2 protein chains.
Amino acid sequence: MAGRAAVPEVIWARPERTGRGPRPAYTRADIAAAAVRIADAEGLDAVSMRHVAAELGCGTMSLYNYVPRKEDLYELMVDAVSGEHELWEPGGDWRADMLRVGRQTRELMHRHPWLPRLMSPVYGFSPNALRYLEHCLACLDPLDMTYGMKMQLVGMLNGVVTMYVASELATAERTRSLPWSEEQENAARIGYLGSQVATGAYPRMAAAFSEDPGPIDPEAVFRFALERVLDAFAPKG
Amino acid sequence: MAGRAAVPEVIWARPERTGRGPRPAYTRADIAAAAVRIADAEGLDAVSMRHVAAELGCGTMSLYNYVPRKEDLYELMVDAVSGEHELWEPGGDWRADMLRVGRQTRELMHRHPWLPRLMSPVYGFSPNALRYLEHCLACLDPLDMTYGMKMQLVGMLNGVVTMYVASELATAERTRSLPWSEEQENAARIGYLGSQVATGAYPRMAAAFSEDPGPIDPEAVFRFALERVLDAFAPKG
DNA sequence: CGTAGTTACGTACACCGTACGTAATGCGCT
DNA sequence: AGCGCATTACGTACGGTGTACGTAACTACG
């Protein structure tokens with residue numbers, strides 16, 4: 001009877017070390033770091049139990065002593081990179097602070113392009129996620145609003161950032177392991193889109209595409225999106 | 001020489017029937033419908049090439065005559081359910097129209113809980129996606145704004161809806177195939193969260209949780225979120 | 001000091017996406 | 001009408017996946 005758990009468990013509630021038995025060879029941080037290293041270098045799909053175990057230098061099944069399911073390995077990864085969030089002393093200007101939070105999250109996701117795909121509301125309980133959320137709330141202290149509303153604001157900000165970066169990265173991530181280049185794939189899609197629009201079935205989209213887009217600055221577009229969210233919750237005027 | 005394509009192809013650009021050879025036994029719609037049926041009934045992870053083929057009643061590898069990669073099967077699925085969007089003649093009240101669009105998308109995602117997970121910006125070129133986008137732009141005709149801005153509005157609205165519904169469904173989808181119930185898993189997470197907040201390390205979150213949430217009406221919260229987005233782009237006053 | 005609980009990990013199973021080869025089919029052309 | 005060949009159909013096979021289970025080594029506690 002090895003006493004394998006058949007009860008729902010949050011990985012963060014399970015202690016890393018119980019005291020009995022041989023000293024574990026690795027820490028959770030080790031494992032998360034190994035998985036993150038693989039995901040950064042070879043993409044999320046390369047993160048398999050075997051691969052991570054090999055990166056650590058241990059047998060595949062040994063991993064299951066630390067992590068009951070692969071899903072939990074993902075949770076470890078998300079928490080690990082969440083720890084890269086730089087938390088500062090809020091300066092009293094909640095707008096500036098929240099913009100900074102958003103920009104930082106975007107940079108984080110550019111550094112770890114697999115993050116948007118793993119971003120899930122159920123991962124919101126990890127230690128670093130809690131610290132991050134508390135920090136956001138601290139930034140919002142100057143704002144006169146219920147905490148419930150502030151949570152909604154933070155949630156929507158995170159959601160918009162995630163979606164935005166996901167769309168920035170989607171094709172790149174998707175074509176990483178395909179035999180043709182991202183440019184080729186994009187060209188194929190744009191070409192088909194053009195042919196469809198040319199049929200005249202989508203007059204407004206045709207107009208949209210013939211419109212002069214003006215100078216395109218991704219940073220500015222991103223900032224604009226963030227400000228729309230902030231405006232929505234606390235109109236400037 | 002069977003002439004297997006080694007060139008990037010958008011599945012929508014490849015004709016369903018070339019005219020030569022035996023008449024294909026199924027249509028794209030048949031295949032998409034079978035996959036959707038499986039995803040609805042058994043979850044997205046149950047959608048495998050073998051399973052879909054069995055549902056259709058053909059050999060596994062025959063599917064590859066219709067769909068070059070599994071990824072394309074996903075694209076077919078998203079397009080198929082996108083066709084469930086009811087498109088109406090816009091009534092001139094763009095706010096009401098957009099709210100209706102958002103509500104419909106949410107219902108669609110509740111009907112097909114796997115949709116948020118498949119929602120990807122690269123799928124925006126399918127026939128039904130194009131019709132949907134054109135319809136959104138038609139709803140926004142009364143709004144004096146560049147098409148670029150309107151596209152951003154639609155994008156953000158879709159993003160917020162997707163995120164919102166994803167968080168509504170995440171735990172349900174996650175625990176569908178787990179040995180314990182969703183309630184158990186939720187209870188475990190909430191319990192752990194409470195214990196963490198009780199340490200006093202997160203004063204604002206503690207305050208948030210002790211705050212009287214008032215009556216909770218999911219529909220109202222959703223509507224509120226949508227209206228925040230609309231307000232952001234076109235302030236009411 | 002025994003022993004119970006843990007760690008480590010090899011083996012095995014069911015399932016996955018899909019490359020490839022072959023047989024049957026029926027359209028388009030002469 | 002009938003030939004040629006592109007296309008469909010699909011069985012087999014390969015390398016990968018998550019993980020259940022059994023066993024051997026180890027160590028902290030009673």
Side-chain angles (χ1 to χ4, degrees), chain A residues 1-6 9 11 14-28 30-31 34-35 38-39 42-77 174 176-179, chain B residues 1-6 9 11 14-28 30-31 34-35 38-39 42-77 174 176-179:
Chain A
M1 255 304 201
R4 285 184 164 84
E9 287 204 23
I11 185 147
R14 139 194 306 222
E16 245 199 282
R17 177 115 176 74
T18 50
R20 201 69 153 264
R23 179 165 286 278
Y26 311 99
T27 66
R28 255 175 217 169
D30 292 335
I31 295 173
I38 293 172
E42 305 172 55
L44 184 58
D45 292 336
V47 176
S48 72
M49 298 302 270
R50 284 176 234 268
H51 203 144
V52 172
E55 172 85 15
L56 280 169
C58 72
T60 305
M61 293 313 289
S62 307
L63 267 189
Y64 282 91
N65 288 318
Y66 302 86
V67 163
R69 305 164 299 200
K70 197 196 177 184
E71 186 88 359
D72 294 300
L73 177 61
Y74 286 152
E75 202 155 343
L76 251 48
M77 291 172 68
R174 213 175 90 94
R176 186 193 290 260
S177 58
L178 258 38
Chain B
M1 257 298 204
R4 283 181 166 87
E9 287 205 19
I11 183 143
R14 140 195 306 223
E16 242 196 289
R17 179 112 175 79
T18 50
R20 200 70 152 262
R23 176 163 291 275
Y26 311 98
T27 67
R28 255 175 215 167
D30 291 334
I31 295 174
I38 294 174
E42 305 173 55
L44 184 58
D45 292 337
V47 176
S48 71
M49 298 301 271
R50 283 174 233 270
H51 203 144
V52 172
E55 173 85 14
L56 280 170
C58 72
T60 304
M61 293 313 289
S62 306
L63 268 188
Y64 283 92
N65 287 318
Y66 302 86
V67 162
R69 301 167 283 158
K70 195 193 180 185
E71 186 87 359
D72 294 301
L73 177 61
Y74 285 151
E75 204 156 340
L76 250 48
M77 292 172 67
R174 214 176 89 92
R176 184 194 290 259
S177 59
L178 257 40

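Bear in mind that the values here come from a model prediction, so they are computed numbers and not experimental data. Throughout, protein chains are lettered first and strands after them, A, B, ... in sequence-line order, and every chain is numbered starting at 1.
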Whole angstroms only, please: what is the [atom1]-[atom2] distance between [X] and [N]?
{"X": "A:His51", "N": "D:dG15", "atom1": "NE2", "atom2": "C1'", "value": "15 Å"}
{"X": "A:Leu63", "N": "C:dG10", "atom1": "CG", "atom2": "P", "value": "12 Å"}
{"X": "A:Ile38", "N": "D:dG16", "atom1": "CD1", "atom2": "C1'", "value": "15 Å"}
{"X": "A:Asp72", "N": "D:dG18", "atom1": "CG", "atom2": "C1'", "value": "13 Å"}
{"X": "B:Glu16", "N": "D:dT7", "atom1": "CD", "atom2": "P", "value": "15 Å"}
{"X": "B:Met49", "N": "D:dT17", "atom1": "CE", "atom2": "C1'", "value": "17 Å"}
{"X": "B:Asn65", "N": "C:dC20", "atom1": "CG", "atom2": "P", "value": "15 Å"}
{"X": "B:Tyr26", "N": "D:dT8", "atom1": "OH", "atom2": "P", "value": "14 Å"}

So what does [X] touch, heavy atoms closer than 4.0 Å: a base, only the sugar-phosphate, or nothing?
{"X": "B:Tyr66", "answer": "sugar-phosphate"}
{"X": "B:Ser62", "answer": "base"}
{"X": "B:Ala25", "answer": "sugar-phosphate"}

> Would you say the side-chain atoms of A:Tyr66 pair up with the backbone N or O of A:Tyr26, donor to acceptor, closer than 3.5 Å?
Replying inline: yes
> Donor-acceptor pair, A:Glu16 side chain versus A:Thr27 backbone, under 3.5 Å?
Replying inline: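 Side chain of A:Glu16 to backbone of A:Thr27, a donor-acceptor pair under 3.5 Å: no, none is there.
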Select one nucleotide: of [options], the one nearest the side-chain heavy atoms of [X].
{"X": "A:Met61", "options": "C:dT18, D:dA9, C:dT11", "answer": "C:dT11"}
{"X": "B:Cys58", "options": "C:dT18, C:dG17, D:dC10", "answer": "D:dC10"}
{"X": "B:Lys70", "options": "C:dT7, C:dC16, D:dG18", "answer": "C:dC16"}

> If you measure only the distance, is there a donor-acceptor pair under 3.5 Å linking the side chains of B:Asn65 and B:Ser62?
Replying inline: no
>> Looking at D:dT17, I'd like to know if its phosphate oxygens (OP1 or OP2) sit under 4.0 Å from a side-chain N or O belonging to A:Ser48.
In response: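 Looking at the OP1 and OP2 atoms of D:dT17, one of them is under 4.0 Å from a side-chain N or O of A:Ser48.
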> Below 4.0 angstrom from OP1 or OP2 of C:dG17, is there any side-chain N or O of B:Arg50?
Replying inline: no
>> Could you measure the distance from the CG atom of B:Leu56 to the NE2 atom of B:His51? Nearest 0.5 Å is fine.
In response: 11.0 Å
> Rounded to the nearest 0.5 Å, how far apart are OG1 of B:Thr60 and CE of B:Met49?
Replying inline: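 So the OG1 of B:Thr60 and the CE of B:Met49 are separated by 8.5 Å.
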> Within a strict 4.5 Å, meaning less than it, do heavy atoms of the B:Arg69 and B:Asp72 side chains meet?
Replying inline: yes
> Does CZ in B:Arg23 sit with more than 12 non-hydrogen atoms of other residues, nucleotides or ligands closer than 6.0 Å?
Replying inline: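 Counting other residues, nucleotides and ligands, CZ of B:Arg23 stays at 12 neighbours or fewer.
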Measure all distances between protein nitrogen or oxygen atoms and nitrogen or oxygen atoms of nucleotides 23-27 of chain C, and list the pairs falling under 3.5 Å.
unit_1, atom_1, unit_2, atom_2, d
C:dC27, O3', B:Gly19, O, 2.9

